[in-house]
Chemist: 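Quick one: this structure, given as structure tokens, is what I'll be asking you about.
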Amino acid sequence: MSTHQTQVVIIGGGPSGLLLSQLLYRKGISSIVLEKHTREHVLGRIRAGVLEHGFVNLMREAGCGERMDREGEIHEGFHIAHQGQLDRIDLAKHTGGETVMVYGQTEVTRDLYDARDAMGGMIIHEAQNVQPHALTETRPHVTWEQNGETKRVECDFIVGADGFHGVSRKSIPAEVLKEYEKVYPFGWLGVLSETPPVAEELIYARHERGFALCSLRSRVLSRYYIQVPLTDRVEDWSDAAFWQELKRRLPQDVAAGLQTGPSIEKSIAPLRSFVAEPMRYGNLFLAGDAAHIVPPTGAKGLNLAASDIHYLYHGFLDHYLNGDSGGLHGYSEKALARVWKAERFSWWMTNLLHRAPEGSETDLRLQRAELDYLFSSEAAQVSLAENYVGLPY
Ligand code: APR
Ligand code: PHB
């Protein structure tokens, strides 16, 4: 069995793992990334695309901001459609100038892979049966299988950035790990289409027939979502049926301007709020979807992964460059404090904008009153805006 040596082993070659590997490399800290799928598979995933300013700054610090700054769009606000009208949340006005960047997660991941390649980063794809070991010892190790051979890497620390279904969280003893979960009784049917976006900025729609979202990847690539029952399957929805239902949930003038076309990707995603505590066990640290999931309504999934990576990166810097392990000791508590705030915001946005299947007339009226309050209160809009652009790290 061949054994490698490194400082940090990162399980998972998604945006969290790659961003950490890139940031550490630029500070002379070595890492190896173990990814179970091929690079094409990882890059083939269609995920969200709204980046908080904290994430944007991290990408720039990682030396990966050039294409994002060139091709991404700065958005100073977004709209909420309700009762047939459009109201705007002015993010910049309510946050002293903060904005968000609209730039697809797939592009973020591609830029991180390119940067890792350019610097000779060690990313092992198709690593099967990855298993962390000796988590509470000073020199833990990770094994995996490749081409029928078992391989091993020894390290100081292991980062579990292997998503919700990964092996890392499952490696924490059940008596230590506490999981909190809320599964929503609906999903999002998403369509990607090579059509111009229906609006300059995003539109979140609350409608008696259910939620809808008009988002974008560029001026020629649009992303739309509608709320569907969890029992629905993609094959139940033709493109024509999707466009027709989307139009029904948008104000008439917006629907009139919607350009439709064939879907180049169509999928249904369940909605879940999930948090695992603690985010550290011995020398194993969880980051991103491995530790928490948010419903996509608040666009917080990728951004929460980034704040985890921010705290971990600075924890490792202090440890390796200053001999101070305070940041690593405080990682779980610090990351979870921000995670729960984003979980609250995403849950609140989801309840505000979705039609609860069992919801009563009273629930609908309360939802409308919540929106009426939002658009009649500067304070409420400031609260929404500061959460949407991203709470401080
Ligand atoms: N061994 C190695 N790699 C694994 C394993 C395993 N056992 N299990 C999963 N992986 C890989 C996956 O194939 C994936 O590429 O770990 C990676 C995890 O990446 P993501 O799921 O994208 O999670 P993360 O990097 O934390 O990014 C979070 O992704 O799902 C979105 O909304 C979420 O935007 C958020 C972002
Ligand atoms: C997306 O562009 O895919 C997107 C945008 C905002 C959200 C969720 C998804 O809240």
Side-chain angles (χ1 to χ4, degrees), residues 9-21 32-52 55 73 75 78 80 100-109 112-113 123-132 142-146 158-171 188 190-192 197 201-204 211-218 221-225 265 267 269 271-272 274 286-309 312 342 345-346 349-350 353 388:
V9 171
I10 299 170
I11 305 177
S16 302
L18 296 169
L19 179 58
L20 180 62
S21 181
I32 291 179
V33 175
L34 299 172
E35 165 57 48
K36 78 175 182 182
H37 290 296
T38 63
R39 184 171 300 195
E40 294 61 45
H41 177 98
V42 174
L43 290 171
R45 293 187 191 116
I46 302 293
R47 299 243 175 98
V50 174
L51 311 182
E52 293 176 347
F55 190 153
E73 288 187 7
H75 283 205
F78 65 87
I80 295 184
V100 292
M101 170 83 79
V102 174
Y103 186 64
Q105 175 170 327
T106 312
E107 305 317 315
V108 165
T109 310
L112 289 166
Y113 271 124
I123 303 171
I124 297 172
H125 281 282
E126 299 179 272
Q128 299 313 314
N129 192 17
V130 171
Q131 194 56 53
V142 179
T143 57
W144 72 98
E145 274 142 38
Q146 199 147 38
I158 301 170
V159 173
D162 47 354
F164 184 73
H165 302 287
V167 65
S168 300
R169 185 179 68 252
K170 299 181 185 110
S171 308
W188 277 16
V191 157
L192 190 67
E201 297 178 327
L202 273 58
I203 301 176
Y204 291 84
F211 169 82
L213 169 62
C214 304
S215 183
L216 59 105
R217 294 289 175 273
S218 71
L221 193 58
S222 297
R223 181 71 165 155
Y224 297 101
Y225 300 94
E265 192 273 351
S267 56
L271 271 65
R272 170 203 322 262
F274 173 86
L286 300 182
D289 279 18
H292 43 74
I293 301 284
V294 285
T297 327
K300 292 295 170 220
L302 184 58
N303 294 300
L304 264 187
S307 54
D308 292 348
I309 295 306
L312 257 186
F345 173 65
S346 304
M349 274 276 269
T350 302
L353 299 171
Y388 195 87

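Numbering starts at 1 and runs along the sequence shown. The basis for the numbers below is simple: all heavy atoms, side chains too, and nothing from hydrogens, waters or symmetry mates. Numbering of ligands and ligand atoms starts at 1, following listing order.
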Chemist: Can you tell which part of Trp188 has a heavy atom less than 4.0 Å from ligand 2: side chain, backbone, both or neither?
Modeler: side chain

Chemist: Would Ser215 count as being in polar contact with ligand 2, using the rule that some N or O on each side must be under 3.5 angstrom apart?
Modeler: yes

Chemist: Starting from atom 3 (N) of ligand 1, which protein heavy atom do you reach first, and at what distance in Å?
Modeler: Lys36 N, 3.2 Å

Chemist: To check your reading of the model: name the closest protein heavy atom to atom 17 (C) of ligand 1, its residue, and the distance in Å.
Modeler: Glu35 OE1, 3.6 Å

Chemist: Let me see the working for Tyr113 and His125 under ring pair (Phe, Tyr, Trp, His ring centres under 6.0 Å), right down to the final yes or no.
Modeler: CA-CA 12 Å; Tyr113 271 124; His125 281 282; 5.5 Å; yes

Chemist: Supply the atom-to-atom distance Lys300 NZ to His292 NE2, rounded to the nearest 0.5 angstrom.
Modeler: 13.0 Å

Chemist: Just jot down the ligand 1 atoms closer than 4.0 angstrom to any heavy atom of Gly301, in number order.
Modeler: 32 (O), 34 (O), 35 (C)

Chemist: Is the closest heavy atom of Pro15 to ligand 1 under 4.0 Å?
Modeler: yes

Chemist: What heavy-atom pair brings Val142 and Pro132 nearest, and what distance separates the two atoms?
Modeler: CG2-CA, 4.1 Å

Chemist: For the residue pair Leu192 and Arg223, what are the closest heavy atoms and their distance?
Modeler: N-NH1, 3.5 Å

Chemist: With a 4.5 Å cut-off on side-chain heavy atoms, are Tyr103 and Arg217 touching?
Modeler: no

Chemist: Tell me which protein heavy atom sits closest to atom 34 (O) of ligand 1, plus the residue, atom name and distance to 0.1 Å.
Modeler: Gln105 OE1, 2.7 Å

Chemist: So, for Tyr225 and Phe211, is the gap between ring centers shorter than 6.0 Å?
Modeler: no

Chemist: Purely on distance, is any nitrogen or oxygen of Gly298 under 3.5 Å from one on ligand 2?
Modeler: no

Chemist: Between Arg45 and ligand 1, does any nitrogen or oxygen pair lie at a separation below 3.5 Å?
Modeler: yes

Chemist: With a 4.0 Å cut-off on heavy atoms, is Ala161 in contact with ligand 1?
Modeler: yes

Chemist: Between Tyr225 and ligand 2, is there a nitrogen or oxygen pair with a distance under 3.5 Å?
Modeler: yes

Chemist: Could you list the atoms of ligand 2 found under 4.0 angstrom from a heavy atom of Thr297?
Modeler: 10 (O)

Chemist: For ligand 1, which is the ligand I care about here, please tell me if Ala305 has any N or O atom under 3.5 Å from one of the ligand's N or O atoms.
Modeler: no

Chemist: Of the protein's non-hydrogen atoms, which lies at the shortest distance from atom 8 (C) of ligand 2, and what is that distance?
Modeler: Pro296 O, 3.2 Å

Chemist: Determine whether any heavy atom of Leu213 lies closer than 4.0 Å to an atom of ligand 2.
Modeler: yes

Chemist: Nearest to atom 6 (C) of ligand 2, what protein heavy atom do you find, and at what distance?
Modeler: Tyr204 OH, 3.3 Å

Chemist: Will you find, in the side chains of His37 and Glu35, an N or O donor that is under 3.5 Å from an N or O acceptor?
Modeler: no

Chemist: Should Met349 be listed as contacting ligand 2, given a heavy-atom distance under 4.0 Å as the test?
Modeler: no

Chemist: What atoms in ligand 2 come closer than 4.0 Å to a heavy atom of Ala299?
Modeler: 6 (C), 7 (C), 10 (O)

